[in-house]
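First up is the structure itself, then whatever we jot down about it.
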Amino acid sequence: MPELPEVETTRRGVEPHVVGREVERVVLRETRLRWPIPPDLPSRLQGQPLEAVERRAKYLLFRTPVGTVLVHLGMSGSLRLVSPGQPPARHDHFDIELSGGHVLRYNDPRRFGCCLWLPPGETHALLSGLGPEPLTGDFNAESLYRRSRGRKGPVKAYLMDQKIVVGVGNIYANEALFLAGIRPDRAAGRISLARYRALVEQVKLVLTSAISQGGTTLRDFVGGDGKPGYFAQQLYVYGRAGQPCKRCGSALRELRISQRSTIYCVACQR
DNA sequence: CGCTGACCCTGACGGC
DNA sequence: TGCCGTCAGGGTCAGC
C-alpha cells in the first residue's frame, strides 16, 4: 500500500491517539524485517511519553524524550490502532501498547519494512542524503532541472531517486508523468525547464489530491476493520496497460524502467 | 558519480 | 484442483 499519501494518512490517523500517551509495553513477535528490530526496543520505550509523530519521506518518526522510533512500511506494511486484547493476526509483527486503551499494531507480510531506534540528536544514515519533501518549496523546477543536466537515465527513474526528491513512488511517478505529458523513458538531462515546471506542478497536485482522498477514511484507523483509503478510481495510467487513454483513447503501452512497471500514452506523452 | 540489475519476502493470480 | 511462473505500491547494495 504505502506510497507517500498512505504514509501521511497513517501518520494523521494515529497521531491524535498516540501523542500525549505513554508506552506501557512493547511486544515483539517477529523481528526479522528489512533490518532486525533491536531487541532492546521494548525496554527503551517502556514508560516513555510519545511527544510527536512526524514523517520524513516514507519514514514515520515517533518521538520520545529518550529517542525516536523510526518505522518504514516497506511495500506491504501497515500500522493500525487496535483495541487491547485483540488477538494478533498473521504478519502482525509488533505492538506498541499505549496508555488510554490503544495498541499500535504493525503488520507486514513481505517484511520489507523496518522498525529502528534512533538516539536523540543522531541523524540516521537512512535519513541523511534524502532529497527534499515533494510538497515543500525545496522541491521546485529550477533545482530539478539544474540537477538533471547531463543525466542520461530515464526521467522516471530520476523522479523516483530519493536523493532527488523523496516520496514519489511508482504509482504517482506514472501518474505525474502522464499529467505533465512527458514520456517516462526520456532522458532526464534532455527535458526543458518549462516541462520540469509542469512535472513539479503535477507531482504536487497528484500527491496532495491522494492525501485528501486518504483523509476521508481516517476513521478506519480506530477500531475499524477497513483498510486505509485508496486512490484507484482516479488513476489515469497506473494498472491500465492496454486500456484506452482517458484523454485521447489510444491504447496505453507498458515498459519496464528500473524493474518497475511503467505505463504511458504514446500520443499524450512526448 | 550515474546507472543497471540482483536481492530481500509473502501472497495473489493466470495459464496449463 | 494443483503446480508453476510472474508480478506487486519499498529500498539497499554491488558492480561496471
Side-chain angles (χ1 to χ4, degrees), chain A residues 1-11 29-37 55-60 70-79 88-94 106-116 124-131 134 144 146-178 184-191 203 206-207 209-211 213-214 217 227-242 254-263:
Chain A
M1 308 222 181
E3 285 239 13
L4 184 135
E6 284 75 18
V7 178
E8 178 59 23
T9 297
T10 297
R11 191 196 69 75
R29 296 187 198 86
E30 173 58 85
T31 59
R32 296 173 304 165
L33 304 186
R34 179 72 169 80
W35 297 281
I37 301 177
R55 179 186 59 73
R56 173 71 174 110
K58 292 174 188 164
Y59 295 95
L60 289 168
L70 183 154
V71 173
H72 197 289
L73 302 176
M75 202 89 126
S76 56
S78 64
L79 202 51
R90 189 161 164 76
H91 304 307
D92 281 344
H93 301 318
F94 69 87
Y106 179 90
N107 181 285
D108 186 5
R110 292 176 75 179
R111 290 191 273 123
F112 286 177
C114 65
C115 175
L116 299 171
H124 199 281
L126 291 170
L127 301 181
S128 66
L130 288 178
L144 193 63
R146 180 169 34 79
R147 297 181 70 183
S148 72
R149 293 307 91 179
R151 295 188 65 142
K152 299 194 182 308
V155 62
K156 178 162 175 269
Y158 179 64
L159 187 60
M160 293 179 70
D161 184 340
Q162 301 296 292
K163 294 191 293 296
I164 301 303
V165 58
V166 301
V168 184
N170 198 37
I171 294 178
Y172 300 111
N174 276 302
E175 294 300 306
L177 286 163
F178 171 80
D185 58 350
R186 182 169 291 275
R190 307 198 58 198
I191 290 173
V203 166
V206 79
L207 291 177
S209 169
I211 289 170
Q213 299 286 315
T217 56
K227 292 292 180 188
Y230 199 34
F231 194 45
Q233 69 277 12
Q234 302 193 20
L235 296 175
Y236 280 95
V237 288
Y238 183 80
R240 298 194 63 244
E254 176 164 21
L255 51 84
R256 303 199 75 80
I257 293 175
S258 309
Q259 339 274 80
R260 310 210 96 109
S261 165
T262 303
I263 300 96

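Chain identifiers are assigned alphabetically (A, B, ...) following the order of the sequence lines, protein sequences preceding nucleic acid strands; residue numbering begins at 1 within each chain. In what follows, every heavy atom counts, from backbone to side chain, and hydrogens, waters and symmetry copies are set aside.
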If the cut-off is 4.0 Å, is [X] near the phosphate of [N], judged by side-chain N/O to OP1 or OP2?
X        : N      : result
A/Gln259 : B/dT4  : no
A/His91  : B/dG11 : yes
A/Ser261 : C/dA8  : yes
A/Arg90  : B/dG11 : yes
A/His72  : C/dG11 : yes

Using Watson-Crick and G-U wobble pairs with both distances under 3.5 Å, what is the 5'-to-3' dot-bracket string of DNA chain B, with [ ] for crossing pairs and | for pairs outside the strand? .|||||||.|||||||
What are the atom names and distances for every N/O pair under 3.5 Å that joins the protein to nucleotides 13-16 of chain C?
none

By a 5.5 angstrom centroid cut-off and a 30 degree plane limit, is there stacking between A/Phe112 and B/dC9? no
Taking only residues two or more places apart in sequence or in another chain, which ones pass side-chain contact (heavy atoms from CB on, under 4.5 Å) with [X]?
X        : result
A/Pro154 : A/Ala157, A/Ile257
A/Arg146 : A/Ser143
A/Asp161 : A/Arg151, A/Lys163, A/Ile164

Presence of donor-acceptor pair under 3.5 Å, side chain of A/Arg256 and base of B/dG5: no
Any N or O donor-acceptor pair linking the side chain of A/Arg110 to the base of C/dA8 at under 3.5 Å?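 In this structure, the two groups form a donor-acceptor pair.
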Check nucleotides 1-3 of chain B for protein N or O atoms closer than 3.5 Å to its own N or O atoms and list the pairs.
from  : atom 1 : to       : atom 2 : distance (Å)
B/dC3 : OP1    : A/Lys152 : N      : 2.6
B/dC3 : OP1    : A/Gly153 : N      : 2.7
B/dC3 : OP2    : A/Arg151 : NE     : 2.6
B/dC3 : OP2    : A/Arg151 : NH2    : 2.6

Integer-rounded Å distance: C/dG11 C1' and A/Leu60 CG: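 Answer to the nearest Å: 15 Å.
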